[in-house]
Amino acid sequence: VGEQIAFGLAAGATLIFGALVITLKRPFQATVSLIGCLAAVAVLFVLLQAPFVAAIQLIVYAGAIVVLFLFVIAYLGERPTPELDNPLARVEAFGWLAVAALALQGALVLGMSNLPGLWDEPRPVGDIGSPEAIGRSFIDDYIVPFEATSLALVVAAVGAVLLAKRAVRAEGGR
Amino acid sequence: MTSTLNGVPLGMYLAVSGALFLMGLAGVMIRRNPLLLLLAVELMLNSANIALVGFSRYWNVTDGHIFALVVMVVAAAEVVIGLGLVVAVYRQRLALDIDRMTSLRG
């Protein structure tokens, strides 16, 4: 029952902070809400027997990625964005249509699924979330994806440097 | 949901995951500031991670955790490029409005 209470709190916090992220208009406030949402998701990971993923979630996501966001927001400064006319106002309804259609589809799939035990007591699990189990899985089965992630990070870093260089050159610098 | 349960069934996690994904999608649809758009994309990536880790527990395997970690790496790369683009646009003194960025130059 304690697990259910913890789940209710974490799930509620996830959804409330998620709603704040998309409703708050100032980037700084939205980013701080994202920290709350990410921390609540980390609690959900702990409840799902995934302590290592939860730790990485807090360190990499709530730590590095959010700090990057806050740094860029601080660098750009909080500018009041002028309320420009929306050139896509005519088709805005289709965005909400997509959201509603996906919600309907998700509810139908979740309600009609005959996956055994979907709404039952979760079965006991073995050691799937420890650093050792994840390390073994990475080395034994997923060595190629593991190396591919490093390639993705290098490409992203080089791309960011090139973007910055081009932006400086466009201003007349070197 | 009967009161005889002690744990939380997989379906509840999937419901939270789906709701969070819908929030992210709605955020992408209604926001025009690229910074807020990236935040909404982060919500969608996180909802996918909840589903992956939830199914990993359901099947009693580690694969979902591996996927979630790879998704985090992809999210980091995406944020680096996205914020780089935001800063590049800002330095050319253009409005931070994605509906107005309609031309490319190589």
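A quick note: this is a predicted structure, and the numbers were derived from the prediction, not measured. Residue numbers start from 1 in every chain, and the chains themselves are labelled A, B, ... in the order their sequence lines are given, proteins ahead of strands.
For Phe21(B), the part sitting under 4.5 Å from any heavy atom of chain A is the side chain, from C-beta outward, and nothing else. In this structure, chain B has a heavy atom under 4.5 Å from the side chain of Phe52(A), while its backbone stays farther away. Within the 4.5 angstrom heavy-atom criterion, atoms from both the backbone and the side chain of Thr31(A) approach chain B. Both the backbone and the side chain of Leu115(A) have a heavy atom closer than 4.5 Å to some heavy atom of chain B. Both the backbone and the side chain of Leu44(A) come within less than 4.5 Å of a heavy atom of chain B. Looking at Phe69(A), the atoms closer than 4.5 Å to chain B (heavy atoms on both sides) sit in the backbone and in the side chain alike. For Val53(A), the parts sitting under 4.5 Å from any heavy atom of chain B are the backbone and the side chain alike. The part of Leu34(A) that comes within reach of chain B is its side chain, from C-beta onward, which places non-hydrogen atoms under 4.5 angstrom from that chain.
When ring centroids are compared, Tyr142(A) and Phe67(B) stay outside the 6.0 Å threshold.
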Evaluate the criterion side chain to side chain contact (heavy atoms under 4.5 Å, CB included) for residue pair Thr62(B) and Phe138(A); output intermediate values, then yes/no. CA-CA 9 Å; Thr62(B) 310; Phe138(A) 259 132; over 6 Å; no
Evaluate side chain to side chain contact (heavy atoms under 4.5 Å, CB included) for Leu69(B) paired with Ile134(A), printing each intermediate quantity in order. CA-CA 10 Å; Leu69(B) 292 171; Ile134(A) 289 175; 3.8 Å; yes
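Of the listed residues Val21(A), Val99(A), Leu38(A), Val66(A), the one with more heavy-atom pairs under 4.5 angstrom with chain B than any other is Val99(A).
Gln57(A) and Asn49(B) are not linked by any side-chain donor-acceptor pair at a separation below 3.5 angstrom, with hydrogens and angles left out of the test.
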